[in-house]
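Input: a single structure, listed below in structure tokens.
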Amino acid sequence: MSADRPEARQNVSFPSAGGTAHGYLALPPAGHGPGVIVIQEWWGLTDHIADVTDRLAQAGFVALAPDLFGGKVAHDSAEAIQMMSQLPTERGVDLLSGAVGHLLSREETTGDTVGAVGFCMGGGFVIALAARDPRVSAAVPFYGVIPGPLPDFSHLKADILGHYGEQDHTVPPESLSQLRAAIEEQSGITPEFHLYPAGHAFFNDGRPEAYHQPSAELAWSRTIDFLHRKLG
């Protein structure tokens, strides 16, 4: 992060959770396509998340990154932790469900379900959103951090493709067994988890100390193929 105060990337507003929410929307070259929600890391709706949204649009999706922090972007980890702690999971899922509704209501969006892709905090929200909102049919958590107990997966309808680092101390690989078991037992869906020779945040090319290019490129290729297969 730079020393200058970063600003959230926003270009669209929509009703959500009883108020007005904001986000960053990117359209594909064709002007229409399946919808994908992009869920931010604990830093906020940064240039990196906007870039991921643009990349999904270039791959053929109508991509929307809702701003969960109301325009705030953290410039260090202490501020990020504080901002994340002020967003209860239920409130975050309410905001994200509003974003799903808005994305599906747009004339550019094809189909009656969407995908969701998220990173770190956002990866945890991908799982929580998919567990509660059946309009999500394809869920892709990148090293998703799930605060507190696991969600109730009994209403889960989404297929899940997860990406995790072998050297990730925030989301240790051994924790995936419990997550996989809970998803299978409660929903009957078997998630597809992949491990990479990398640490936490390996996909974030804005953080050179964490970014691992071979892992990021493979995870992205798998993600795009998965979303096309599941969403059309």
Side-chain angles (χ1 to χ4, degrees), residues 1-2 6 9 36-59 61 63 65 68 73-81 83-84 115-130 138-148 150-151 158-184 190-230:
M1 295 294 168
S2 69
R9 292 283 294 272
V36 176
I37 296 290
V38 184
I39 311 179
Q40 67 194 51
E41 296 173 299
W42 67 351
W43 304 110
L45 183 44
T46 60
D47 288 345
H48 169 63
I49 296 300
D51 178 64
V52 172
T53 308
D54 288 337
R55 290 173 64 185
L56 282 164
Q58 287 300 310
F61 302 97
L68 297 180
V73 174
H75 69 282
D76 59 38
S77 58
E79 188 175 12
I81 291 172
M83 288 160 57
M84 183 175 67
V117 178
F119 307 86
C120 186
M121 178 193 81
F125 271 120
V126 162
I127 294 171
L129 175 65
V140 186
F142 279 73
Y143 32 85
V145 176
I146 302 175
L150 294 178
D159 289 315
I160 298 175
L161 173 69
H163 307 295
Y164 300 88
E166 293 174 344
Q167 290 99 48
D168 190 342
H169 301 295
T170 305
V171 188
E174 55 268 24
S175 68
L176 300 180
S177 297
Q178 180 186 5
L179 178 58
R180 178 185 287 107
I183 293 171
E184 289 179 339
T190 299
E192 181 182 346
F193 292 153
H194 292 280
L195 289 173
Y196 300 83
H200 193 69
F202 67 79
F203 189 78
N204 190 338
D205 56 6
R207 296 183 59 201
E209 77 281 6
Y211 180 59
H212 188 254
Q213 183 175 355
S215 297
E217 291 178 350
L218 179 56
W220 184 252
S221 175
R222 287 169 167 165
T223 296
I224 296 302
D225 178 66
F226 174 78
L227 291 173
H228 277 304
R229 285 189 288 111
K230 300 302 179 182

Which value, rounded to the nearest 0.5 Å, describes the distance between [X] atom [atom1] and [Y] atom [atom2]?
| X | Y | atom1 | atom2 | result |
| --- | --- | --- | --- | --- |
| L218 | Q213 | CG | CD | 12.0 Å |
| T223 | L161 | OG1 | CG | 5.5 Å |
| Q40 | H48 | CD | NE2 | 11.5 Å |
| E79 | W42 | CD | CH2 | 11.5 Å |
| L176 | F193 | CG | CZ | 5.5 Å |
| R229 | I224 | CZ | CD1 | 12.0 Å |

Using every non-hydrogen atom in the two residues, find where [X] and [Y] come nearest and quote the distance to one decimal.
| X | Y | answer |
| --- | --- | --- |
| V38 | A63 | CG2-CB, 4.4 Å |
| R9 | L45 | O-CD2, 2.8 Å |
| G123 | P141 | O-CB, 3.5 Å |
| I49 | G44 | CG1-O, 4.0 Å |
| H228 | A59 | NE2-O, 2.9 Å |
| A130 | A139 | CB-CB, 4.0 Å |

Is there a side-chain contact between [X] and [Y], using heavy atoms and a 4.5 Å cut-off?
| X | Y | answer |
| --- | --- | --- |
| I37 | V126 | no |
| D51 | T46 | no |
| S215 | H163 | no |
| T190 | I183 | no |
| Q178 | L150 | yes |
| H212 | Y196 | no |
| M121 | W43 | no |

Donor-acceptor pairs are to be reported for all side-chain atoms of residues 164-174 against protein atoms at under 3.5 Å, with residues two or more places apart or in another chain.
| from | atom 1 | to | atom 2 | distance (Å) |
| --- | --- | --- | --- | --- |
| Q167 | OE1 | A198 | N | 3.3 |
| D168 | OD1 | T170 | N | 2.8 |
| D168 | OD1 | V171 | N | 3.0 |
| D168 | OD1 | H200 | ND1 | 3.3 |
| D168 | OD2 | H200 | ND1 | 2.8 |

Mutual orientation of the aromatic rings belonging to F202 and Y143 [parallel < 30°, tilted 30-60°, perpendicular > 60°]: perpendicular
Trace of the side chain to side chain contact (heavy atoms under 4.5 Å, CB included) decision for I127 with L179: CA-CA 10 Å; I127 294 171; L179 178 58; 4.0 Å; yes
Residue that, paired with W220, satisfies side chain to side chain contact (heavy atoms under 4.5 Å, CB included) out of V52, V117, D225: V52
Short side-chain to backbone donor-acceptor contact, E41 and G122, under 3.5 Å: no
is_close_aromatic(F119, F203), centroid dist under 6.0 Å: yes
